[in-house]
Amino acid sequence: MPALRPQTPSQTVGPFFHYALTEEPVDRLDPDGQAGEPIVVLGTIRDGVGDLVADAMVEVWQADGGGRYRHPADGRAADVPSAFIGFGRVATSRDTGEFRITTVMPGTVPGRDGSVQAPHLNLQLFARGLLDHLHTRIYFDGVAANENDPVLASVPAERRHTLIAHRDGDEDGLPRYRFDVVLQGEDETVFFDA
């Protein structure tokens, strides 16, 4: 049996990881405006001491307003409006630490065992200092389907608020929702295993 080699140290995500990935942001998921109610999602990423992370990268993946994913595994994908891409990738601003996407309010999505998932965005976060990217969800305040969402129900009640985006006004005539991510400490956002 060959001798085992020693384990190499893990590397964190470096400070230059997204330069090529976010040069052209993908921040408009429905350029034709046919996939549902248009909305703006705005947020920040904060580290464990509350400082803004101004060089993070955020990816979102979501269903359209009818609850259909643009993916072959979703048998209803042929009904998704052709311009709706369902995927976005943006960097946080070096000036404000904010990320922003213009998309549509997603519809409810079929879940396992006949359950129904509330409207949500899947969010992946990449930032320096992380050993791997993080996964979370963005739900929307005031949506009745939140009460029966199986994923949201799996989160302790006292932490569910970290997954809820709140309406905080309008932007360019569209409803705007704020979702701030906290990486560590008090009010840490709930992250999921992928």
Side-chain angles (χ1 to χ4, degrees), residues 8-31 38-63 69-71 84-106 118-141 151-152 154-156 159-172 174-194:
T8 56
S10 298
Q11 299 292 315
T12 62
V13 176
F16 309 112
F17 64 95
H18 67 63
Y19 280 4
L21 295 174
T22 58
E23 185 177 8
E24 296 292 332
V26 182
D27 58 355
R28 292 191 170 274
L29 280 62
D30 185 31
I39 61 171
V40 173
V41 178
L42 169 73
T44 57
I45 314 295
R46 292 193 180 271
D47 65 17
V49 295
D51 291 339
L52 291 170
V53 179
D55 60 353
M57 184 176 78
V58 171
E59 291 182 346
V60 295
W61 183 55
Q62 69 165 98
Y69 284 98
R70 175 171 292 290
H71 191 277
F84 179 71
I85 56 177
F87 172 81
R89 177 184 286 154
V90 296
T92 53
S93 165
R94 293 195 177 283
D95 298 327
T96 65
E98 294 175 328
F99 67 90
R100 173 183 281 102
I101 60 168
T102 301
T103 184
V104 298
M105 177 64 76
H120 66 275
L121 276 62
N122 299 291
L123 185 144
Q124 291 188 77
L125 170 66
F126 303 77
R128 66 184 140 81
L130 297 177
L131 291 175
D132 200 356
H133 53 281
L134 301 173
H135 300 266
T136 191
R137 284 183 166 196
I138 303 173
Y139 292 91
F140 298 91
D141 189 29
V151 176
L152 195 56
S154 72
V155 174
R159 299 199 60 210
R160 290 180 194 156
H161 71 280
T162 70
L163 300 175
I164 305 294
H166 296 275
R167 176 93 186 263
D168 79 339
D170 296 319
E171 184 172 315
D172 296 331
L174 304 179
R176 185 177 68 198
Y177 291 86
R178 173 167 283 280
F179 183 78
D180 295 321
V181 177
V182 178
L183 297 177
Q184 283 182 309
E186 189 173 334
D187 276 340
E188 177 182 321
T189 300
V190 171
F191 300 105
F192 300 97
D193 293 331

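Values below: all heavy atoms of this structure, side chains included; hydrogens, waters and symmetry mates excluded. In this chain, residues are counted from 1 in sequence order.
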Drop me the distance from [X]'s [atom1] to [Y]'s [atom2], to the nearest 0.5 angstrom.
{"X": "Ile164", "Y": "His120", "atom1": "CD1", "atom2": "NE2", "answer": "12.0 Å"}
{"X": "Thr136", "Y": "Phe179", "atom1": "OG1", "atom2": "CZ", "answer": "5.0 Å"}
{"X": "Leu42", "Y": "Tyr177", "atom1": "CG", "atom2": "OH", "answer": "13.5 Å"}
{"X": "Phe192", "Y": "Leu123", "atom1": "CZ", "atom2": "CG", "answer": "11.5 Å"}
{"X": "Phe126", "Y": "Asp132", "atom1": "CZ", "atom2": "CG", "answer": "8.0 Å"}
{"X": "Leu134", "Y": "Leu131", "atom1": "CG", "atom2": "CG", "answer": "10.0 Å"}

Any side-chain heavy atom of [X] within less than 4.5 Å of one from [Y]?
{"X": "Leu29", "Y": "Val104", "answer": "no"}
{"X": "Arg137", "Y": "Val151", "answer": "yes"}
{"X": "Glu188", "Y": "Arg159", "answer": "yes"}
{"X": "Leu152", "Y": "Leu163", "answer": "yes"}
{"X": "Asp55", "Y": "Arg94", "answer": "yes"}
{"X": "Phe191", "Y": "His135", "answer": "no"}

Tell me whether [X] contacts the main-chain N or O of [Y] through its side chain, where contact means a donor paired with an acceptor under 3.5 Å.
{"X": "Asp172", "Y": "Leu174", "answer": "no"}
{"X": "Thr44", "Y": "Asp180", "answer": "no"}
{"X": "Arg89", "Y": "Pro25", "answer": "no"}
{"X": "Asn122", "Y": "Val60", "answer": "no"}
{"X": "Thr189", "Y": "Val182", "answer": "yes"}
{"X": "Thr96", "Y": "Ser93", "answer": "no"}
{"X": "Thr92", "Y": "Glu98", "answer": "no"}

CA sep, side-chain torsions, deciding dist, call: Val58, Ile101, side-chain contact (heavy atoms from CB on, under 4.5 Å): CA-CA 10 Å; Val58 171; Ile101 60 168; over 6 Å; no
Chi angles and distances behind the side-chain contact (heavy atoms from CB on, under 4.5 Å) call for Val26, Val90: CA-CA 6 Å; Val26 182; Val90 296; 6.0 Å; no
How far apart are the closest heavy atoms of [X] and [Y], and which atoms are they?
{"X": "Ile85", "Y": "Arg70", "value": "O-CD, 4.0 Å"}
{"X": "Leu52", "Y": "Gly97", "value": "CD1-CA, 4.4 Å"}
{"X": "Pro106", "Y": "Phe140", "value": "CD-CE1, 3.9 Å"}
{"X": "Pro119", "Y": "Tyr139", "value": "O-CD2, 3.6 Å"}
{"X": "Arg46", "Y": "Val53", "value": "C-CG2, 4.2 Å"}

Under the rule for salt bridge (Lys or Arg N to Asp or Glu O under 4.0 Å), what residues qualify as partners of [X], not counting sequence neighbours?
{"X": "Glu171", "answer": "Arg100, Arg176"}
{"X": "Asp30", "answer": "none"}
{"X": "Arg167", "answer": "Asp170"}

Neighbour count >12 (heavy atoms, 6.0 Å) for atom CZ, Arg28: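 No - once you tally the heavy atoms of other residues, nucleotides and ligands closer than 6.0 Å, there are 12 at most.
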Check: Gln62/Thr103 side-chain N/O donor and acceptor closer than 3.5 Å: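 A pair is found: one side chain offers a donor N or O, the other an acceptor, under 3.5 Å apart.
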